[in-house]
> 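Pasting in a structure now, in C-alpha cells, and then I'll have a few things to ask.
First the proteins, then the strands, lettered A, B, ... as listed; each starts at 1. Just so it is clear, the model here is predicted, and its values are computed rather than measured.
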Amino acid sequence: MHSVSERENRIRKLNELREKGIEPYPYQFERTHAVSSALKNFEKLVETETQVKIAGRLRTRRDFGKTIFFDLHDESGKIQLYIRKDEALLALPALLSPQKVATDFLGTPALPGTPPDQLSSNNALPERNVPPGKHPLFSDFLSLVDLGDFVGVSGVLFRTKTGEPTVNVKEFTMLSKSLAALPEKYHGLQDTEQRLRKRHLDLLVNQETREVFRTRSRLIALTRRFFDERGFLEVETPMLQPLYGGAAAEPFRTHYRVLDRDYFLRIATELYLKRLIVGGFEKVYEIGKDFRNEGLDRVHNPEFTMLEAYQAYVDYFQMMKLTEELFRLLASELTGSTTVTPVTWMGAEFDFSGEWEKVEFVPALAEKIGTDPLQLSEDDLRKICKAKGVEVTDQTPYGKMLDKLFTELVQDHIHGPAFVADHPRIISPLAKVHRNNPQLVERFEPVIAGVEFGNAFSELNDPLEQRRRFEEQTARHEEFSVMDEDFIQALEQGMPPTGGLGLGIDRMVMLFTDSASIRDVIIFPQLKEEGK
RNA sequence: GCCCGGCUAGCUCAAUUUGGCAGAGCGGCGGAUUCUUAAUCCGUAGGUUAUAGGUUCGAUUCCUAUGCCGGGUACCA
C-alpha cells in the first residue's frame, strides 16, 4: 500500500516532467562503464580525465544548496555523484524536441538548423545556449527527481576531500521515474512477509538476498558443467503427465481440455529418464521443477527443483562417488576458494573433501531399538514406535513405521555428510534388491545435518520384479501408488544395469548459502494470497 | 489440518506490563546549506493500531472470530 501523498507527489512530478518536454521513460542509455568497472579502473580514468557514462538507481541524496551528492546503484555496485547545480546540464532523452525544452527553460529557441546528429541520443544542450551565470535548467529539473528514479549521468571521475570515488556530473538524464518510495535506507526491508511477497524490494535493498540467488545460479551452472563434462546428456521430460510416478507423493491435478483428460504435474522425472536409458542413451540428466501437493515447511515447497541423473552399467556405489565429487566441486567453487574448505550451515561445519560417512539403515535402527527391526511383527513395531515417542496410528503401515522410526531415532541426529544406505525393500519399490540381503535394496540417501538431500539406487531393471513391487504397493493400498504399464513395458524392452541419483537443488542451495529455510533460496516461494 | 506467537505511518521501531489525547527516525512536503556519505539544521503533513464483533465511561492494550506471516507439529520413498 502506498502512502497516497507519496505516490501522488511522484505522479505530479511525472506529469510536470512531461509538461516540460522531458520524457520520464526513454528507450535506452548508452553506458561506458558499469559502476564496478568505473571503480576498478578509477585511477586510470581519473588520470586520463575520461568521460564516463553510468546509469542506475538513485538511492540516497545529500543536498548542500548549490551542490548535491547522490549515491547511484547499479547491479554491480554503487558510486557517488557530485553535482554542481549551476554547472550540470540536463541531457535530453532521444525522441524529444530539444527546441521545446530550450524554449521552456531558457527562453531561447534552439538554433535553427542544428544538425540532427546533435539532437539524437546524447543531445545535451549546446553550452552556448545556456546564458552565462544562470543555469536554471538542472535546478528546476532536480526538484522533479526522487530517490528510486533511474538516471544516467556523464562526467569525469574524481576523489572528494574524504577520498570517496565520485562522478563529477556534467550531464544528467532521466531514465525511469519511480512512483513508490524505497524501503528505509538504513534498516532496509525486514518484514519476512514483505520480503517474500515483494521480492523485488527484498532484492533491491538486501545485498544478501541478491547474493543467495547469484550463488544459486552458479550452483546450477556448475552442476550442469559437472554432468556435461562426464558425458551426460541433458534432457527435458514432460512436466504434464497422464500418470505420475517415481516418488510417493500426492500430485497436483489438472485437466487438458482438448483431450478431455485429466493430467498430473510430475512429482519426479525418474520413470521418463529410465525410458531414455532403455532407448540407448547411457548417461542422461535433467534439472527441473517437480511438484508435490503437500505441506510447506523449512525444507519443503510445493514446486521445487530436482536433479536426476542416470548412468548405464554402474551401481549405486558409482552414484555415491558421483555425489561426493559433485559436492566437493561445489564446496570448492562456491566458497570462493581453490581448495575444499568446510561449508558452514546453520552453525555447523561440513567437510566435503573426503569420503562421506556411511550409515546402514537397518543396523543403525537396530542399535536404537535394541532389536532387528525386520524381525518384528507389525504389532511389535507399532509398540516400539509408541515406546520411543514416535507418533503412529493403528493404520500406519509397516514400511511407514520403519521410515518414521529411522527418521526420528537416527537420521535427525546425523551430522554428515553421510549416506544412509541399504533401506528395507518394502519402502523402496524402484530400487534393486541388495546383492547380499534380499530384505534390503541397494539405495542411499545423502544426509547433511539430518536433512535428506536426495535419493539414489542401483535401479531395478527386472520388469517382472518391478511389476510385483508395484502390485505389492497397490495391495497394501498405499496412497498414491500407480501401476505404470507403459513404464513396465519399456523395462521389458530391456534396461541395462543402471545407477540413478536424485538431488534436491534447493536444499543444496540452502547448504551453500547457509540458509535456514527453502523459502530463502526459491526466488518466488509459495505464499497464500493476501486476504481481502 | 492442529498448537503457539506476531500484525502500530510508505519503511524501521516505540507506547500494550497495570485500559486514559498513538510517538520517533528514515522517506514526503516547505525552507537553509559548495565535500557529504545513515549529511546537518528549522518548519510541516502523514494513523479506521490487519479485519469484524464483544467487554468497558473509555480499547492499540482485555475477550471472541477471521485473514496473513512465522515457529512447532502432522502429511511428505
> What contact category does A/Leu527 fall into here, base, sugar-phosphate, or nothing, at under 4.0 angstrom with non-hydrogen atoms?
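A/Leu527: backbone/sugar contact only, no base atoms under 4.0 Å.
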> CD of A/Glu193 versus P of B/C11: gap in Å, rounded?
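Atom CD in A/Glu193 sits about 11 Å away from atom P in B/C11.
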> Anything under 30° is parallel, anything over 60° is perpendicular, the rest tilted; go ahead and classify A/Phe64 against A/Phe69.
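Because their plane-to-plane angle is over 60°, the rings of A/Phe64 and A/Phe69 count as perpendicular.
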> Would you please name every residue forming a side-chain hydrogen bond (donor to acceptor under 3.5 Å, both in side chains) with A/Asp63, sequence neighbours left out?
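Result, side-chain hydrogen bond (donor to acceptor under 3.5 Å, both in side chains) vs A/Asp63: A/Lys85.
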> Respond yes when some side-chain nitrogen or oxygen of A/Arg197 is under 4.0 Å from OP1 or OP2 of B/C69, and no when none is.
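Looking at the OP1 and OP2 atoms of B/C69, one of them is under 4.0 Å from a side-chain N or O of A/Arg197.
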> Between B/C29 atom C1' and A/Leu144 atom CG, what is the distance in whole Å?
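Computing the A/Leu144:CG to B/C29:C1' distance gives 14 Å.
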> Considering only the P atoms, how many Å lie between B/G25 and B/G43, rounded to the nearest integer?
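Comparing P positions in B/G25 and B/G43 gives a spacing of 11 Å.
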> Is it the case that the side chain of A/Glu294 and the backbone of A/Glu250 share a donor-acceptor pair, with hydrogens and angles ignored and the cut-off at 3.5 Å?
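Yes, because the side chain of A/Glu294 sits within donor-acceptor range (under 3.5 Å) of the backbone of A/Glu250.
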> Restricting to side chain to side chain contact (heavy atoms under 4.5 Å, CB included), what partner residues turn up for A/Phe213, sequence neighbours left out?
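Per chain and number, A/Phe213 pairs via side chain to side chain contact (heavy atoms under 4.5 Å, CB included) with A/Arg199, A/Leu203, A/Thr209, A/Arg216, A/Ile523.
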> OP1 or OP2 of B/C29 sitting under 4.0 Å from any side-chain N/O of A/Lys13?
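Yes, A/Lys13 has a side-chain N/O under 4.0 Å of OP1/OP2 on B/C29.
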> Without decimals, in angstroms, what is the distance between A/Phe70 CZ and B/A38 C1'?
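That distance rounds to 16 Å.
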> What's the CD-C1' distance between A/Glu294 and B/G1, to the nearest Å?
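The answer, rounded to whole Å, is 14 Å.
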> When you compare B/G47 with B/G10, how far apart are their P atoms, in angstrom units rounded to a whole number?
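About 8 Å, rounded to a whole number of Å.
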> Which nucleotide sits closest to the side chain of A/Lys185: B/C11, B/A74, B/A38?
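Among the listed nucleotides, the one closest to the side chain of A/Lys185 is B/A38.
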> In whole Å, what separates the P atom of B/A15 from that of B/G67?
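That atom pair is separated by 29 Å.
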> Under the rule for side-chain hydrogen bond (donor to acceptor under 3.5 Å, both in side chains), what residues qualify as partners of A/Asn437, not counting sequence neighbours?
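In terms of side-chain hydrogen bond (donor to acceptor under 3.5 Å, both in side chains), with neighbours along the sequence ignored, A/Asn437 is linked to no residue.
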> Taking the minimum atom-to-atom distance to the side chain of A/Arg12, which one of B/C29, B/G27, B/A74 wins?
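Closest nucleotide to the A/Arg12 side chain: B/C29.
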> Name the closest nucleotide to the A/Glu6 side chain, picking from B/G27, B/C75, B/C29.
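From the listed options, B/G27 comes nearest.
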> Not counting sequence neighbours, which residues clear side-chain hydrogen bond (donor to acceptor under 3.5 Å, both in side chains) with A/Thr407? List them please.
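Result, side-chain hydrogen bond (donor to acceptor under 3.5 Å, both in side chains) vs A/Thr407: none returned.
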> Assign a letter to each nucleotide of nucleotides 32-37 of chain B from its 5' end: B, base within under 4.0 Å of a protein heavy atom; S, sugar-phosphate only; -, no contact.
-BBBBB
> With A/Asp315 as reference, evaluate A/Arg435, A/Lys432, A/Arg443 under the salt bridge (charged side-chain N to carboxylate O under 4.0 Å, His left out) test and give the passing residue.
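Answer to the salt bridge (charged side-chain N to carboxylate O under 4.0 Å, His left out) test with A/Asp315 among A/Arg435, A/Lys432, A/Arg443: A/Arg435.
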> Which part of the nucleic acid does A/Leu189 contact within heavy-atom distance under 4.0 Å: base, sugar-phosphate only, or nothing?
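Sugar-phosphate: the residue A/Leu189, judged by heavy atoms under 4.0 Å, touches backbone atoms but no base.
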> With a 3.5 Å cut-off and heavy atoms only, can you find an N or O donor on one side and an acceptor on the other between the side chain of A/His300 and the base of B/C76?
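When only heavy-atom distances are counted, A/His300 does reach the base of B/C76 through a donor-acceptor pair under 3.5 Å.
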> Please state how far atom CG in A/Asp191 lies from atom P in B/G10, giving the value in whole angstrom units.
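After rounding, the gap between these two atoms is 13 Å.
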> Over all strands shown, is A/Leu196 touching base, sugar-phosphate only, or nothing at heavy-atom distances under 4.0 angstrom?
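Sugar-phosphate contact only.
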> Say you pick atom C1' in B/A24 and the same atom in B/G19; how far apart are they, in whole Å?
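After rounding to an integer number of Å, I get 23 Å for this pair.
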> What pairs with A/Gln190 under side-chain hydrogen bond (donor to acceptor under 3.5 Å, both in side chains), at least two apart in sequence or on another chain?
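side-chain hydrogen bond (donor to acceptor under 3.5 Å, both in side chains) check on A/Gln190 returns nothing, list empty.
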